[in-house]
Structures are given as C-alpha cells and as structure tokens.
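Just so it is clear: chains get the letters A, B, ... in the order the sequence lines come, proteins before strands, and each one is counted from 1. Side chains included, hydrogens not; waters and symmetry mates left out as well; all remaining heavy atoms used.
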2 protein chains.
Amino acid sequence: MKMATRKEEIMEVSARLFKEKGYNAVSMRDIAKAMGMKAASLYNHISGKQELLSTLILQVARAFTQGMDAVMADAISPVSKIEKIIELHIEITINHSEGLAALNNDWMHLENDDLADFLGMRERYESNFRSIIKDGIDCGEISPRHPEVILFSILSTLRTLYVWYQKRGKLDANVLKKDMVAIFLQGIVAK
Amino acid sequence: MKMATRKEEIMEVSARLFKEKGYNAVSMRDIAKAMGMKAASLYNHISGKQELLSTLILQVARAFTQGMDAVMADAISPVSKIEKIIELHIEITINHSEGLAALNNDWMHLENDDLADFLGMRERYESNFRSIIKDGIDCGEISPRHPEVILFSILSTLRTLYVWYQKRGKLDANVLKKDMVAIFLQGIVAK
DNA sequence: ACAACTAACTAACAATTGTTAGTTTTGTGT
DNA sequence: ACACAAAACTAACAATTGTTAGTTAGTTGT
C-alpha cells in the first residue's frame, strides 16, 4: 500500500515551495495554506521549519554520497566512472528533483551539525570526483587540462540539471545521458 | 577621480551580503551594520530594498544582453561565436562577480516591470544562443546532438562560473578560457 | 556668519515571522 | 457507546521585518 504519511506530504509541499521561492521566502503559513490547514497544525507532524530543510537536503546529499561510494568501489576506468557519475546525477534529478533545489540554493541556511554534515559530504564528493579526473589524466585517458576546470565544467552542468529537466518538455533520460556523455567526452565540434 | 558615491558603496555591500545569504535572508539592518550605520540612514541614498536588488540584477543582465548583441552582429562562424560567448561570461564574472549571484539566485524576487524586463532579456539571450547552436549543426560545424542539451551544458557551466572563480585561488582568466573552450569543443577524452 | 544641503541619528509603525499553549474535532479499536 | 489518540483548530507570544517621520550633526558656498 503506497500510503504517504502526512509528514511526507508536508515535505513534498515544502520542497515544491522552496524550489519556487527559496527557503527564506516561504513562511510556515505559506506551507500550511498549500496543505489546506493552519500553520500551527504543522507542528503536530514536524518539529519546525529547520527540520524540513535539513531532512530534505541531507536525504539528497546521502543519495549522492552513497552513489559516489559505489562508483569509487567499482574497478573501471576513470572515463567509465565519469559516465557512471553522469548517470547518477540524472537518476537523482529524476527522483529527488525538488530536494535538489534546496540542496543547491539553501544549504547555507542549515544549522550546526546539519551544516557540518552537508559540507563534509560535499567536500568528500568533490574530492572523489577530482581524484578520478587526476587518475584519468595520469593514465593518459583524459586530456591534460587543468583538473579543476574539468571538474567544475561537468559538475556545474550536472548540478543544474534539475532546472532544465522538466522545463524542456521531458526529454528522455536515455537521450539526455547519451548526449551529455558525448558532449563532455568528445566535445561539440563535428569531426 | 575614482570617488565611489555612498550609494555605490551600499550596492557593493548589499551585493556581497546577498551573495552569501540570499536576498531574503539579508535585512536592511544587516546591510546598515556592514556599512557602519543605522538602517534608517540607508533611505537617504536609496528608495528601498527592492531597488538594491533590481539595480544589481538588471545591470548585469544588460551587460549580457549587450555582449550577446555584439556576438550576434559579428560575421563569424557559430563555433567562433560560442568562443566569444565563453569570453563574455568570463569577463562579466570577473567584473560583476557579486551581482551575478543575485541574478542567478534571486531574480524571482524582482517585482513587476523589473521581473518582466529580466525575463525578457534572459529569454532573448537563450534564444540567441540556441540559434547559434542550431546554425552550427545545420552547417555541419557542430555534432548533431540535441541542441537543448548542448545549450544547457555550456550555459550551466558559464552561469556557475562565479561560484568557482574566486574559491579556486585565482586561476588566470586566459588559462580558464583556453581550457573551457577546449573542453566544450574537443571534449575531455585524450585522442 | 548664515543659509542650504547632505547624511547621519532616534523612535516608532504596522505587518509578518516561527513557534507555543490550550482546546476541539475526527477517526479507530474495543 | 466509550475511551484514546491523532490531528486539526483558535489565540496569542516575542522577535524581526521594511519603512516613515522628525531631528540633529557636519560640510559647503556665499
């Protein structure tokens, strides 16, 4: 039985609103109105506004961490790892589209341990990605450009995927993956 | 004489704060404190918080529009145009670093005409970029991938440039440009 | 010295914020 | 039918928000 708890409903609604206007521009009363109830009633299900944000963000962050760990454990070439990372981002974009906006735009409003957890995961993620690129350059599989530029070119695109994915009328996930891999690996110039 | 007016100082300080915490998380009292004065005193120089945001964003948006117009007027190949666009973004990133954050993250808090102006400029910009890519594909200069995927891959990276540019200890603008052009045109795979 | 400006100040406002306390309604198992 | 828990409600709170009014200090031109 696919029974969504009331708490999960609140989280979905909040995620949608946060995505549209940002964490600070959404009031508890806004969330309540979208749920068809009064602000005070929300507190029967959640501890506060912060919980909404941190649950949302850390959930997605853990999905990334977990996915990256799997990629790192795989005994494949650096370029194949990058392909897997692109797949990972597409999959998370499809399944956590709303939470991704909060992660990208509102992580700085996390507090204390939640903020530290997030930053830790982000740093580990980037550092894993960086080492994949460096390995690729060292073994001659990847062109010897500045690793940081490669990293941020790919990562910026992957991180912003959620903005485009639904706006541009549902391009198929497989087409998207194939084209993105082609662009980053072979470039856009016809040969 | 390089005399910055008080209003310009306020705009710089606001831009810095908006970049760190986002428009809605910065109060007029925050801005005032950073300026070493009281919130009410700000109103001797500006009309309100909205003016700060719209001035900041529309200034940068106009720089983009102007730059794109110049590129479109140039009688060069599609790929050369894309190179020029990359240059344009790097230049704006260096000169308007702070305003870029507001443009990227807080444009939805613009009101009325300002919002309409911004959306108009953004749409025109993207549509110009899209037509350059399509021209390139039509004339065989660019690989026949989904144009939308090419567009958003490049544009996402360019738009997020400001986040990385200063964090990663000042990599030279020329190196940055050379590597980014190489990555998008030739890809990252060694040949 | 005096008038005119500029730019700071203090004090206060109405609205909105997240949240709590206490109460009533709704639904479920016995 | 009754008890119990879940989940909604009303009312209110202290704090913070953007902004205005009125005042005072500092600078400049004559």
Provide, to the nearest angstrom, the distance between the NZ atom belonging to B/Lys38 and the C1' atom belonging to D/dT19. 16 Å
What is the separation between atom CD on A/Gln50 and atom C1' on C/dT17, rounded to the nearest whole Å? 14 Å
Whole angstrom is fine here: how far is it from NE2 in B/His109 over to P in D/dT17? 15 Å
Give a yes/no on whether any side-chain N or O of A/Lys49 is located under 4.0 angstrom from OP1 or OP2 of C/dT19. no
Using whole Å, report how far CD of A/Glu51 lies from P of C/dT19. 10 Å
Answer yes or no: are there more than 12 heavy-atom neighbours, outside A/Gln66 itself, under 6.0 Å from its atom CD? no
A/Asp172 with A/Lys178: basic N within carboxylate O range, under 4.0 Å: no
Are a donor atom and an acceptor atom from the side chains of A/Gln186 and B/Ser143 found within less than 3.5 Å of each other? no
Polar side chain donor-acceptor pair, B/Ser27 to B/Asp30, under 3.5 angstrom: yes
A/Ser41 side-chain N/O to D/dA7 phosphate OP1/OP2 under 4.0 Å: no
Rounded to whole Å, please give me the gap between CD1 in B/Ile31 and C1' in D/dT19. 13 Å
Rounded to the Å, how far apart are B/Met37 CE and D/dA25 C1'? 15 Å
Compare the minimum distances between each of C/dT19, C/dC9, D/dA8 and the side chain of A/Met28, then state the nucleotide with the smallest one. C/dT19
Among B/His45, B/Glu51, B/Gln50, the one residue meeting side-chain hydrogen bond (donor to acceptor under 3.5 Å, both in side chains) with B/Ser47: B/Glu51
In terms of side-chain heavy atoms of B/Arg6, which of D/dT19, C/dA8, C/dG18 is nearest? C/dA8
Electrostatic pair B/Arg159-B/Glu126, nearest N-O below 4.0 angstrom: yes
Output the rounded distance in Å from CG (A/Asn24) to P (D/dG18). 11 Å
Answer yes or no: does a side-chain N or O of A/His45 lie under 4.0 Å from OP1 or OP2 of D/dA6? no
Nucleotide nearest A/Ala40 when distance is taken to its side chain, options C/dA8, D/dT10, D/dA7: D/dT10
Tell whether B/Asn44 reaches the base of C/dA8 with its side chain through a donor-acceptor pair below 3.5 angstrom. yes
In this structure, how many angstroms lie between the P atom of D/dA6 and the CD1 atom of A/Ile10, rounded? 15 Å
5'-most by nearest nucleotide on DNA chain D - B/Ser47 or B/Asp30: B/Asp30
Considering only nitrogen or oxygen atoms on both sides, find all protein atoms under 3.5 Å from nucleotides 13-15 of chain C and state each distance.
none

Flag for B/Thr157-A/Thr157: side-chain donor and acceptor within less than 3.5 Å: yes
Counting only side-chain heavy atoms from C-beta out, which of D/dG18, D/dT19, D/dA8 sits nearest to B/Ser27? D/dG18
